[in-house]
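See below for the structure under consideration.
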Amino acid sequence: MQNIDIMRRQLKSLGAIYDWSREVITCLPDYYKWTQWFFLKLYEKELAYRDRAPVNWCPQCQTVLANEQVVGEGICERCDTPVGRRDLEQWFFRITSYADELLEFDGVDWPERIKIMQRNWIGKSFGTGISFALDHPGIEEKEIRVFTTRPDTTFGVTFMVLAPEHPLVAQLTSPDKKAEVEAYIAKSQRRSEIERLSTEREKDGVFIGAYVTNRLNGEKVPIWVADYVLLSYGTGAVMGVPAHDERDFIFAKKYDIPIRVVIAPPDWQGGELEEAYIEEGTLVNSGQFNGLPSRQGIEAISDFLEEKDWGRRTISYRLRDWLISRQRYWGAPIPMIYCDKCGIVPVPEADLPVLLPEDAEFKPTGESPLKYHEQFVNTTCPRCGGPGRRETDTMDTFMCSSWYFIRYTSPGSDDAPFDDNKNKFWMPVDLYTGGAEHAVMHLFYSRFFIKALRDIGIVDFDEPFTRLFNQGIIIAEKQKMSKSLGNVITPDEYVAELGADAVRAYLMFLAPWEQGGEWNDSSISGISRWLNRIWQLVLDEYKPDEKAAPGRIQTEEKELSRFTHQTIRRVTQDLEKLRFNTMLSALMEFTNYLAKVKETAAISNSAWQESIDILLRLLAPTAPHFTEELWERTKRQYSIHNQLWPQWDEKLAQDEEITLVVQVNGKLRDRITVPVSITEDELSQILQEKAIKANAYLEGKKIRKRIYVPGRLVNFVVQ
RNA sequence: GCCGGGGUGGCGGAAUUGGCAGACGCGGCGGACUUAAAAUCCGCUGGAGCAAUCCUUGUGGGUUCGAGUCCCACCCUCGGCACCA
């Protein structure tokens, strides 16, 4: 709660405008009660289930992690510790049921790269499941299924590989190979995640002394076990086609397994391959399919397999279900009770929230601290009234963050997670700014969560965040700011020294908002200077030059009006696109212009006041305190933040004269000032008279072509 | 390896999508004010050259009257994924 106080204070000190009456604290029972309630809803809908599976284990955090929370080469997203594997029974959400819908981004305006990251994460691939016949005494299983995206290479299968964890390995291993196979499995289990994930590592494996039959050609092929095959993808078994798969090729070379070409490269003479040929080609050595291009081969062989019932077209996803159990203390307890008689029983809604006890003991046991909290664990079964044990794991905190934005619509609601009408009024979120690092975590889970709630009938929209914008990160001393590096720049000291508005404006100015940038002390002083200049500009009295001729005044005012309207246009458009850096450049240019205007003083006082008025209003979102102060000191009506945003008039913003570039053979030779509305005929006249420099280049040359781009340039092509 | 973003002055970065490259700001240089310094203000500031002029957007080709922008090849860099069958 202390860190919340600090954050709150910093946000306020920066002048961030939030409706604090809507503040939501996800770790308090009035909130997590509803997180638990959602869990029950998902459970009812069979979107939450319990299963035993090999899961990611962080030894530092002493908890399991979802796949999305293991980053880089097997590193815990939270504490940077290498992650291991454990076989545990855990709670999962069926996010895979939504894989196809999550691939669609209809009606949302999101950065392309985030969409791509999510699509890659889901990893949809089309292929064929193929059954290889198994005839092994004493084993009921009569087939081993594999998944392949290249069924056209099936005649090239010369071995089969099972993942070390594959359930059939133990049963199929022949007695004489038993010791060797077990040793191999033990060795691969000892391998760290990093080692196992490394693509550089040499592929190794062991023949288990058993065979399957490739039904397409009736050949018996040996079964191997190798840890380059993953149990978690496809079926945990892979057909080895060394001629047309890089990994299989290396593996076959190492163990002298035959390599049979079945996809002929374009100019292939029948010789041995130097490396796996994974491109398209023509089918050879493939029985009745010989001569087909591989693309057609895929379809023909798949059709044939389906006809014979030896296989089926299949779609495979890389995405795994979302593991939400955590052995952490924080996080909402999973509202489930285990009863010896009734099994797994959900906590009745009326009994929510299941409170997190505040006196749990922390022991580095690798199990939830709640497990040793007798009062918490022991309860009665809601179904039979007998003794029951509570689930002691807590929920992934990403679950809390999957719906907090809905809670903002009605933070006090205590008979429902939110007020339905308010939800309908506010949701979905119009613009969501957040870091790209959440691409396949928070931003992904929230999409799933909303879709699930929609199907349960709790919300009526499909996507949580209509527009997404990723802000960049600010780096200091060439490194990302982090507490462990001790290079965190807190806004506090700068706010104290230069003011919140200077800090805000600096952060907006230093680089495109989505890019972030490097904090630089000397650059911020430029912003500070600029604000000081505005201060003088606004508060030092404007004294119109009484000797100025009326014609002069008219011209100057017209110029000023044009510049003003152009500025309003630039600032407004940049603001909509969240291009704050160029928005501020526009305001700086406007300030510089106004400084010159003030110097010459050839405009009326009312025109001057009007310009100041617009400058302040355009600057108000950037520098809210500063502009309010100037607004008040110049006796304007409180508050600047209640004023209308300035509107621009296209006609007034229109330039009357432009600089036209004169090129000869594409090289800049002259510039002339011409009226905007100039016609090509008029231009020819003017070119003769005015483009003196350019004409020197045209002297004695034959003009082959003249290219005129209205409003931009004329280019003479000579000789 | 695959996917995506990017490479522009001493620095952060602009450039209406093929049309004046370097807006705006920082830094630097020169000047004014000051006994002096700071602050402030004014001027200059991509490179070479006394100059006319020439060169210049990672490198090399190409398309075009014209390329930072489009196409091809390559190099570097940042982010994501990575034995996904």
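For the numbers below, each heavy atom of this structure counts, side chains included, while hydrogens, waters and symmetry mates do not. Chain A is the first sequence line, chain B the second, and so forth, proteins listed ahead of strands; every chain is numbered from 1. Please read these numbers as outputs of a predicted model, since none were measured by experiment.
Ring orientation note: the planes of A/Trp535 and A/Phe626 are tilted relative to one another, at an angle of 30° to 60°.
Going from atom CD of A/Glu514 over to atom P of B/G6 covers 10 Å, rounded to whole Å. The CG atom of A/Leu510 sits 10 Å away from the P atom of B/A14 (whole-angstrom rounding). Rounded to whole Å, atom P of B/C24 lies 18 Å from atom CG of A/Leu531. One atom, CD of A/Glu437, and another, P of B/G79, lie 12 Å apart when rounded to the nearest Å. The CE atom of A/Met239 sits 12 Å away from the P atom of B/A85 (whole-angstrom rounding). In this structure, A/Ile278 places its CD1 atom 16 Å from P of B/C83, rounding to the nearest Å. For the pair A/Glu68 CD and B/C81 P, the computed distance is 10 Å after rounding to whole Å. When the C1' atom of B/C65 is taken as reference, atom CG of A/Leu713 falls 10 Å away, rounded to whole Å.
Atom CZ of A/Phe716 is separated from atom CD1 of A/Ile707 by 10.5 Å, given to the nearest 0.5 angstrom. A distance of 11.5 Å separates CG in A/Asn67 from CE in A/Met441, rounded to the nearest 0.5 Å. One distance of note links OH of A/Tyr255 with NZ of A/Lys253; it measures 15.5 Å at 0.5 Å rounding. To the nearest 0.5 Å, the span separating CZ on A/Arg504 from CD1 on A/Ile527 amounts to 12.5 Å.
Across all strands shown, A/Arg320 has no heavy atoms under 4.0 Å from either base or sugar-phosphate atoms. Using a 4.0 Å heavy-atom cutoff across all strands shown, A/Gly526 reaches sugar-phosphate atoms only and no base atom. Looking at heavy-atom distances under 4.0 Å, A/Arg529 makes contact with sugar-phosphate atoms alone, never a base. Residue A/Asn715 is in base contact, counting any heavy-atom pair closer than 4.0 Å across all strands shown. Counting any heavy atom pair closer than 4.0 Å across all strands shown, A/Val717 reaches sugar-phosphate atoms only and no base atom. Base contact: A/Gln663 has a heavy atom under 4.0 Å from a base atom. At the heavy-atom level, A/Arg569 lies nowhere under 4.0 Å from the strands shown. Counting any heavy atom pair closer than 4.0 Å across all strands shown, A/Asn592 reaches sugar-phosphate atoms only and no base atom. Note on A/Arg119: nothing from the nucleic acid sits closer than 4.0 angstrom, heavy atoms only. Here A/Arg318 lies in heavy-atom contact (under 4.0 Å) with a base.
Pair check for B/U16 finds none; no Watson-Crick or G-U wobble contact set falls under 3.5 Å. Shown here, B/U57 forms no base pair; nothing in the strands shown gives a Watson-Crick or G-U wobble contact with both key distances under 3.5 Å. Nucleotide B/G4 has B/C78 as its partner under the Watson-Crick or G-U criteria, with both atom distances under 3.5 Å. Of the nucleotides present, B/G10 is the one that pairs with B/C26 by Watson-Crick or G-U wobble criteria, both distances under 3.5 Å. When both pairing distances are held under 3.5 Å, B/A38 makes no Watson-Crick or G-U pair with any nucleotide shown.
As rounded to the nearest Å, B/G28 and B/G10 have P atoms that lie 16 Å from one another. Straight-line distance between the C1' atoms of B/A37 and B/A51: roughly 40 Å, to the nearest whole Å. Separating the C1' atom of B/G46 from that of B/G9 is a span of 4 Å, rounded to the nearest Å. Straight-line distance between the P atoms of B/U56 and B/G66: roughly 15 Å, to the nearest whole Å. As rounded to the nearest Å, B/A23 and B/U16 have P atoms that lie 15 Å from one another. Here the separation of B/G68 from B/U17, taken at their C1' atoms, is 12 Å to the nearest Å. For B/C81 and B/G62, the C1' atoms lie 34 Å apart once the distance is rounded to whole Å. Using atom C1' as the reference point in both B/C54 and B/G4, the two lie 40 Å apart (nearest Å).
Side-chain contact, A/Asp245 with A/Tyr277: no donor N or O sits under 3.5 Å from an acceptor N or O.
Contact between the side-chain N/O atoms of A/Arg669 and the OP1/OP2 oxygens of B/G66 is not found at any separation under 4.0 Å. Considering only side-chain N and O atoms, A/Asn520 lies nowhere under 4.0 angstrom from the phosphate OP1 or OP2 of B/C11. For the OP1/OP2 pair of B/U40 and a distance below 4.0 Å, the side-chain nitrogens and oxygens of A/Gln536 include no atom meeting the criterion. The phosphate of B/A85 has OP1 or OP2 within less than 4.0 Å of a side-chain N or O from A/Ser125.
Proximity note for A/Val238 (side chain, C-beta onward) versus B/G25, B/A85, B/A15: the nearest is B/A85. Closest approach to the A/Lys667 side chain among B/C55, B/G25, B/A82 is made by B/C55 (side chain taken as heavy atoms from C-beta onward).
Taking the charged nitrogens against the carboxylate oxygens, A/Arg579 and A/Glu514 have no contact shorter than 4.0 Å, which rules out a salt bridge. Note on A/Arg215 versus A/Glu143: salt bridge recorded, some NZ/NE/NH1/NH2 to OD/OE distance being below 4.0 Å.
Comparing A/Asp248 and A/Ala595 along RNA chain B, the residue whose closest nucleotide (by nearest heavy atom) sits nearer the 5' end is A/Ala595. Take the nearest nucleotide of RNA chain B for A/Ser523 and for A/Phe716: the residue whose nucleotide is more 5' is A/Ser523.
Classified by its glycosidic torsion, B/G80 falls in the anti category, the angle being over 90° from 0. B/U59 takes the anti form, because its glycosidic angle lies more than 90° either side of 0.
Within 3.5 Å, a donor on the side chain of A/Lys203 pairs with an acceptor on the base of B/C83, or the reverse. Side-chain to base pairing of A/Arg712 with B/U16: one donor and one acceptor N or O lie within less than 3.5 Å of each other.
Between the A/Arg318 side chain and the A/Ser125 main chain, no donor and acceptor come within less than 3.5 Å of each other.
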